[in-house]
Amino acid sequence: PHRAGGGGPPFAGGMALFSFQWLHEVMDERWVRRVDAEIAERLQSKSKSSPDSAAARSNGNTLDWKPYSLSALAELSKSQQTVMVDFTADWCATCQVMSKFVLNTEGTKRVVERNKVATLLADYTDVPAEITKMLTAIQSNGVPALAIFPAGRPYQPIVIRGTYTQDQLIEAIERAGPSRQAGQSLALRAAAE
């Protein structure tokens with residue numbers, strides 16, 4: 001007897017696999033959006049309950065952030081500074097969590113100051129073209145993203161995309177190395193000659 005539909009089981013299995021992969025991506029995206037919304041809601045309710053939320057956020061561990069621009073990054077790099085750029089946005093709940101619990105903390109501030117790292121804040125809230133270009137250059141699809149441009153090697157940034165721990169951040173700063181003093185670079189050149 002002739003069997004009809006001999007290709008049915010493999011086709012059905014392939015469709016099931018495709019459907020599962022597609023569903024997994026959709027559910028994963030929904031989960032991330034839900035977590036971001038929950039974090040944003042908690043941060044908002046916490047700041048509303050605090051009479052002075054700006055003072056509460058500034059607990060003495062806030063890094064000395066300067067506004068990002070390509071010219072500011074170039075100038076700092078030219079002067080042998082290690083530069084850390086935080087790509088963030090007001091609408092990014094994950095960015096707010098990273099700022100509060102990883103970046104602007106006592107441990108991170110201590111390492112940044114010890115290594116004399118310059119800190120730039122790239123505010124992506126209104127999606128400015130200059131920051132979009134830099135995100136593309138460091139191969140990031142969006143925020144949060146963090147790039148550390150080592151002194152003397154600004155074209156070899158250490159890039160962290162998405163969430164990260166304080167230990168991962170400190171390790172990246174240490175790997176980048178400290179800013180160099182103008183006299184230090186001259187002494188290194190003299191020693192090399």
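Note that the structure is a prediction, hence the values are computed from the model and not measured.
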Straight-line distance of Leu146 CG to Ile158 CD1, nearest 0.5 Å: 10.0 Å

Write down the atom of Asp90, the atom of Thr125, and the distance for their closest heavy-atom approach. N-OG1, 2.8 Å

Closest heavy-atom pair and its distance - Ala176, Thr82: CB-CG2, 4.1 Å

Closest heavy-atom pair and its distance - Leu63, Met84: CD1-CE, 3.8 Å

For Gln168, give me all partners under side chain to side chain contact (heavy atoms under 4.5 Å, CB included), at least two apart in sequence or on another chain. Tyr164, Thr165

Will you find, in the side chains of Ser179 and Gln80, an N or O donor that is under 3.5 Å from an N or O acceptor? no

Name of the residue among Asp86, Thr88, Thr119, Asn104 meeting side-chain hydrogen bond (donor to acceptor under 3.5 Å, both in side chains) with Trp65: Asn104

Which heavy atom in Ala172 sits nearest to a heavy atom in Ile160, and how many Å separate them? CB-CD1, 4.1 Å

Restricting to non-hydrogen atoms, name the atom on Thr62 and the atom on Lys109 that form the minimum distance, rounded to 0.1 Å. O-NZ, 3.7 Å

Pair listing, disulfide (SG to SG under 2.5 Å) test, anchored in residues 105-145, at least two apart: none

Does Ala118 have any side chain to side chain contact (heavy atoms under 4.5 Å, CB included) partners at least two apart in sequence or in another chain, and if so, which? Leu76, Gln81, Val83

Consider only side-chain N and O atoms of Glu130 and Ser69, and report whether a donor and an acceptor are under 3.5 Å apart. no

Considering residues at least two apart in sequence or located in another chain, which fulfil the side chain to side chain donor-acceptor pair (under 3.5 Å) criterion with Tyr124? Thr132

Pairs involving residues 95-166, ordered by first then second residue, that meet disulfide (SG to SG under 2.5 Å) (sequence neighbours left out): Cys92-Cys95

Over all atoms of both residues, closest heavy-atom pair of Ala89 and Val143: CB-CG2, 4.1 Å

Sequence neighbours excluded - side chain to side chain donor-acceptor pair (under 3.5 Å) pairs with any residue from residues 133-148: Ser140-Arg161

